[in-house]
Colleague: 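I have a structure I would like to understand better, so I am pasting it below and will then ask my questions one at a time.
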Amino acid sequence: MKIAFVGKGGSGKTTLSSLFIRHLAAEGAPVVAVDADINQHLGAALGLDESEAAALPAMGDHLLLIKDHLRGTNPRIASADTMIKTTPPGEGSRLLRVQEDNPVYDACARPVALDGGTIRLMVTGPFTDADLGVACYHSKTGAVELCLNHLVDGPDEYVVVDMTAGSDSFASGMFTRFDMTFLVAEPTRKGVSVYRQYKEYARDFGVALRVVGNKVQGPDDLDFLRAEVGDDLLVTVGHSDWVRAMEKGRPPRFAALEEPNRLALRALREAADATYERRDWERYTRQMVHFHLKNAQSWGNERTGADLAAQIDPGFVLGESVTAGA
């Protein structure tokens, strides 16, 4: 299951995504965690110290390796240089699976031991001094989108992505790559404004969206969220001494997380798992092609000097039964 956590800056989306990852690991589920926020905090939230988090390999630094691997023997892709972030797979492409070893994971993923299990962590990489004034930070997430386009995951397997803040996720088609999107919202006008944007933008793409109310301190906060987001409100999370200890770098055992918050995390997993029966791989593939054609026309063809529409394999539908290319 592919799951995104979104929300405005400071809403607590990284904290909530890290708690959800810990919950999955504690239950023995295989997890690939991805920090796709340009402000890289997921590693620290998962217990890494500053030096360990800084040493994580940036996916953007290995983009050529990622493209070379995913291209495989696909005859429609002349070279890795003609692949862009939206390039879809086709016959001969190599696909990624959650529970496997491959060159992409070898280069870009690192194991992180959590209570009950070990997860793989991947990061886009931070915005560097070399990027200032010359680079678009959305290009940093291109490697994540390319990997998601080539990912085949099954039930009880999880890819959890901590997304960029606010509505910046819509700068690419990556917002359509998930089975479930959890929007973390505080009980404030600013907190729910991102929800309204997300709801409006995602309306035509069948995005499954549920709201997680964070920093909820009482009935008035709960009533506010219910009035603003209606039935999209799934659960709320309040004050947590466990989280406070985690933020100080001294988290207790995960089993000590407060019971209401553990029940909230269980509800998140149940909501995500429930989307499996509604998966539509044909629609997923059509959306992939839709955004690839838009990017090809607006900048990709000019940038690569190739007709990127020719990369689309009209007979290919991504799905669990598809086998990877050689």
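The figures here come from the full heavy-atom set of this structure, side chains too, leaving out hydrogens, waters and symmetry mates. Throughout, residue positions are numbered sequentially from 1 according to the sequence presented.
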Colleague: List the residues meeting side chain to side chain donor-acceptor pair (under 3.5 Å) with E277, not counting sequence neighbours, and say none if there are none.
Modeller: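 Side chain to side chain donor-acceptor pair (under 3.5 Å) list for E277, sorted by chain: empty.
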Colleague: Only one of E145, H290, H292 clears side chain to side chain donor-acceptor pair (under 3.5 Å) with T86; which?
Modeller: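 Exactly one pass, corresponding to H292.
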Colleague: Looking at E52 and D49, would you say the former's side chain and the latter's main chain have a donor-acceptor pair under 3.5 Å?
Modeller: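 Present.
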Colleague: Ring of Y284, cation from R177 - is the NZ or CZ under 6.0 Å from the centre and inside 45° of the axis?
Modeller: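 Checked: cation-pi criterion met.
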Colleague: Using a 4.5 Å cut-off on heavy atoms from C-beta on, say whether the side chain of P89 contacts that of N74.
Modeller: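 No; the side chains remain at least 4.5 Å from each other.
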Colleague: Tell me if the centroids of the rings in F175 and Y201 come within less than 6.0 Å of each other.
Modeller: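 Centroid distance F175-Y201: not below 6.0 Å, so no.
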Colleague: Are any of the side-chain heavy atoms of F20 and I3 separated by less than 4.5 Å?
Modeller: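 Contact flag for F20/I3 side chains = yes.
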Colleague: Starting from the C-alpha separation in whole Å, work towards a yes-or-no answer on salt bridge (charged side-chain N to carboxylate O under 4.0 Å, His left out) for R279 and D179.
Modeller: CA-CA 7 Å; R279 273 188 167 184; D179 297 290; 2.9 Å; yes
Colleague: Tell me which pairs pass side-chain hydrogen bond (donor to acceptor under 3.5 Å, both in side chains) where either residue lies in residues 180-191, with sequence neighbours left out.
Modeller: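 For residues 180-191: K8-E186, E186-K215.
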Colleague: Checking side chain to side chain contact (heavy atoms under 4.5 Å, CB included) for the pair L24/I21: CA distance, chi angles, key distance, verdict?
Modeller: CA-CA 5 Å; L24 295 174; I21 291 164; 5.5 Å; no
Colleague: So, the side chain of K13 versus the backbone of G7: is there a donor-acceptor pair under 3.5 Å, distance only?
Modeller: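 Side chain of K13 to backbone of G7, a donor-acceptor pair under 3.5 Å: no, none is there.
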Colleague: What pair of heavy atoms forms the shortest contact from T164 to A36, and how long is it?
Modeller: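 So the two residues come closest at CG2-O, 3.2 Å.
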Colleague: Show the numbers, then the answer: is there a salt bridge (charged side-chain N to carboxylate O under 4.0 Å, His left out) between R303 and D81?
Modeller: CA-CA 10 Å; R303 180 82 57 85; D81 290 336; over 6 Å; no
